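Nothing here was measured: the structure is a model prediction, and the numbers come from that model. We name chains A, B, ... by the order of the sequence lines, and we start the count at 1 in each one.
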2 protein chains.
Amino acid sequence: MSRSESRDDVRRRREEIRDLRRQMRQSRHELRRMGSRGQPEESRAAILRAVAIEFSEQGIAGARTDAIARAAKVNKALLYYYFQDKETLYGAVLDEAFGRMKLAIFQVLDSSLPSSEKIVAYVGAYFDFIASNPIYPRLMQREMMRARAGDSVHIERLVKSYFEPIYHRVSELLHKGIREGVFRKVDPAHFVPSMIATIVFYFSSAPVMRRLFHFDPLTPERIAERRAAVLDFISAALFKPCSSANPGVRQ
Amino acid sequence: MSRSESRDDVRRRREEIRDLRRQMRQSRHELRRMGSRGQPEESRAAILRAVAIEFSEQGIAGARTDAIARAAKVNKALLYYYFQDKETLYGAVLDEAFGRMKLAIFQVLDSSLPSSEKIVAYVGAYFDFIASNPIYPRLMQREMMRARAGDSVHIERLVKSYFEPIYHRVSELLHKGIREGVFRKVDPAHFVPSMIATIVFYFSSAPVMRRLFHFDPLTPERIAERRAAVLDFISAALFKPCSSANPGVRQ
DNA sequence: ATTATCTAACTAACTGGTTAATTAACAATG
DNA sequence: CATTGTTAATTAACCAGTTAGTTAGATAAT
């Protein structure tokens, strides 16, 4: 008897709690996105945004689907309604980020500037993209590390779709400049990685810089300073010395 | 009666199993590390070695203590016998790796070479250290990412103990070379990161390179080629053009 | 009524860390 | 020189907490 009573007690309490929760939710969200048919596009986009941040900061292994759902203000099951699994989710974010990067870069590479100016524009554009999309280099780093461990199902696609096309165009550009006599005789297969390194490293090592220099390396002023330094560094390494074709930026 | 018999049975079987295990272990390890008081130093070292590999490949969140124990051929509880927790384990590995790096670098910085040769020697030494200790840049990358997410308890110590001393010495070296008129007027706060970037990036992006160029970028020949390219790149960016003091390496 | 959209609650598997027991070496003791 | 006790090294088995992914519905628009 007392047993069945306590069971009833539990059920009653549970229902009370459910009602209370419903009220809370209603008052908190003010009726927004209750039940179904809220704004699906918005939800999907919110998920991708949250995933990008979570993955770039914590990595795949460290990323928590609950945290993602909370950040996107969406139930966790919705992640699996829109995407197959964690891995697919990650892939979607990568394609989104790298796609935008490719677009920004090709805008410059497709322009009709002289070689020396175009390479400077390319470096500048890449720098600017990273400066205003800081999660891009983070995702790239993460993915490269996963690829080394042999755990990346995305790397092949990413290289074919994004890196290879860009690399080929920049490589051509370098060869052209060398033929024209404005660039030193560098090997694109090494020079391109060196350029990217110089551009990217400052951002990925910002936490170290902050502690080494005792100031925030990511303020707009510092970033502008770095931009100039990067262009100077690369220009000095690429342009023929004692030549008149040096539009390099100095401070 | 049958009960006591079965109990005896169990005891006998247990002893048999124990003997068998002992034999197995003996034959496998040839008497090494049996039972207790084997070689604690060896066990500790084996753990650290395994941790270094596991952490550099999987990161802290992805690293599995079970996998580490298996790789070190040691029981998991032994990890916690020697180290407080996962985090402490990671810290020990970081200090070991960064300590050796600092040693190798200071050996060059303490030498009495002229500025231009010393900076080349520094870059070469750093490159060589990374080339033969590939887990170092991986650990560094991991830790920088954790630091950005605010999850690193080690970064402060690492910067103070390893990066700061090295940075200051290289910075002095650059200033000296500039005063002497052999180096261009570069800002060490930007030039040093750019150098490190050029040195490190090739290794951390090897998985992309492999797919981009369709060959292994980490063979001794390719690494030697890269070394030359890095020295050329940095030399060209640092040494005054049209000056006689360019010992830069070309292919 | 159907369908697209959304949720709370659940589960099976896994993971960092703990515990109590076991083993070997060694020193002291009888 | 055997026995005993002590201590450091090592382990199997376990546990409490977490996590990716699932399920059984609920809600609203059509």
Side-chain angles (χ1 to χ4, degrees), chain A residues 10-11 13-26 28-29 31-47 50-51 54-55 58-70 72-90, chain B residues 11 13-15 17-26 28-29 31-47 50-51 54-55 58-70 72-90:
Chain A
V10 166
R11 204 190 315 165
R13 251 187 241 167
R14 230 189 250 173
E15 276 170 22
E16 273 176 39
I17 288 174
R18 199 188 303 164
D19 279 1
L20 241 138
R21 280 226 185 100
R22 200 178 305 177
Q23 281 177 35
M24 268 178 56
R25 226 182 307 142
Q26 289 209 358
R28 229 197 292 161
H29 298 137
L31 289 176
R32 278 187 326 143
R33 202 179 328 128
M34 257 190 50
S36 89
R37 192 62 64 100
Q39 32 283 69
E41 294 303 318
E42 230 285 288
S43 292
R44 230 191 98 103
I47 290 171
V51 167
E54 177 82 0
F55 275 154
Q58 311 293 335
I60 265 238
R64 299 288 156 240
T65 50
D66 282 299
I68 292 167
R70 208 181 320 123
K73 290 179 185 171
V74 145
N75 185 277
K76 186 171 56 152
L78 200 64
L79 307 183
Y80 296 94
Y81 177 74
Y82 284 122
F83 301 93
Q84 210 174 38
D85 54 17
K86 219 184 176 186
E87 196 62 58
T88 312
L89 215 38
Y90 193 42
Chain B
R11 205 192 311 169
R13 249 187 243 168
R14 228 191 253 173
E15 275 171 22
I17 288 174
R18 199 189 301 163
D19 278 2
L20 242 138
R21 280 227 185 101
R22 200 178 306 177
Q23 280 175 36
M24 268 178 55
R25 233 181 299 150
Q26 285 208 1
R28 228 197 293 161
H29 299 137
L31 289 174
R32 282 189 323 144
R33 202 183 324 129
M34 261 190 43
S36 91
R37 187 63 63 99
Q39 27 288 70
E41 293 304 316
E42 230 286 289
S43 293
R44 230 191 99 105
I47 290 171
V51 167
E54 176 83 1
F55 274 153
Q58 311 293 336
I60 265 242
R64 297 290 157 240
T65 50
D66 283 298
I68 292 167
R70 208 179 320 121
K73 290 179 184 170
V74 144
N75 187 277
K76 187 172 55 155
L78 202 63
L79 307 184
Y80 295 94
Y81 177 72
Y82 284 120
F83 301 94
Q84 210 173 39
D85 55 18
K86 220 184 177 188
E87 196 64 57
T88 311
L89 217 36
Y90 194 42

**Student:** Using heavy atoms to find the nearest nucleotide of DNA chain D for Ala61(A) and Tyr81(B) separately, return the residue whose nucleotide is more 5′.
**Tutor:**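 Closer to the 5' end of DNA chain D: Tyr81(B).
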**Student:** What integer distance in Å separates Ile68(B):CD1 from dC14(C):P?
**Tutor:**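 Spelled out: CD1 on Ile68(B) to P on dC14(C) is 18 Å.
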**Student:** Among dT7(C), dT10(D), dG21(D), which nucleotide sits nearest the side chain of Val74(A)?
**Tutor:**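 Among the listed nucleotides, the one closest to the side chain of Val74(A) is dT7(C).
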**Student:** Between dG21(D) atom C1' and Gln84(A) atom CD, what is the distance in whole Å?
**Tutor:**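 Taking CD of Gln84(A) and C1' of dG21(D), I get 12 Å after rounding.
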**Student:** Base, sugar-phosphate, or nothing: which does Tyr82(B) touch, judged by heavy atoms less than 4.0 Å apart?
**Tutor:**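 Answer is sugar-phosphate: Tyr82(B) comes under 4.0 Å of backbone atoms only.
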**Student:** I want to check something: taking the side chain as every heavy atom from C-beta on, are Val51(A) and Phe83(A) in contact at a cut-off of under 4.5 Å?
**Tutor:**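 Counting from C-beta outward, Val51(A) and Phe83(A) never come under 4.5 Å.
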**Student:** Just checking Ala69(B): base, sugar-phosphate only, or nothing, at a heavy-atom cut-off of under 4.0 Å?
**Tutor:**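 Here Ala69(B) touches no strand at all.
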**Student:** Which whole-number value in Å describes the distance from Arg44(B) CZ to dT10(D) C1'?
**Tutor:**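 Answer to the nearest Å: 16 Å.
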**Student:** Looking at every non-hydrogen atom in both residues, tell me the closest pair between Thr65(B) and Tyr80(B) and how far apart they are.
**Tutor:**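 What the structure gives for the nearest pair is CG2-OH, 3.3 Å.
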**Student:** Could you tell me whether the side chain of Tyr81(B) reaches within less than 4.5 Å of the side chain of Arg44(B), counting heavy atoms only?
**Tutor:**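 SC-SC contact between Arg44(B) and Tyr81(B) ruled out.
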**Student:** Is any N or O donor-acceptor pair between the side chain of Asn75(A) and the base of dA8(C) shorter than 3.5 Å?
**Tutor:**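 Answer yes: a donor N or O sits under 3.5 Å from an acceptor.
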**Student:** Ignoring hydrogens, what is the shortest heavy-atom contact between Glu54(B) and Ala67(B)? Give both atom names and the distance.
**Tutor:**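 Taking every non-hydrogen atom into account, OE2-CB, 3.7 Å.
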**Student:** If you take atom types as modelled and just measure distance, does the side chain of Lys86(B) reach the base of dG17(C) with a donor-acceptor pair under 3.5 Å?
**Tutor:**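 Not at all, since no donor on one side and acceptor on the other fall under 3.5 Å apart.
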**Student:** Just checking Ala63(B): base, sugar-phosphate only, or nothing, at a heavy-atom cut-off of under 4.0 Å?
**Tutor:**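 Sugar-phosphate, no base atom in range.
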**Student:** Take atom CG of Leu78(A) and atom P of dT27(D), then tell me their distance rounded to the nearest Å.
**Tutor:**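 About 17 Å, once rounded to whole Å.
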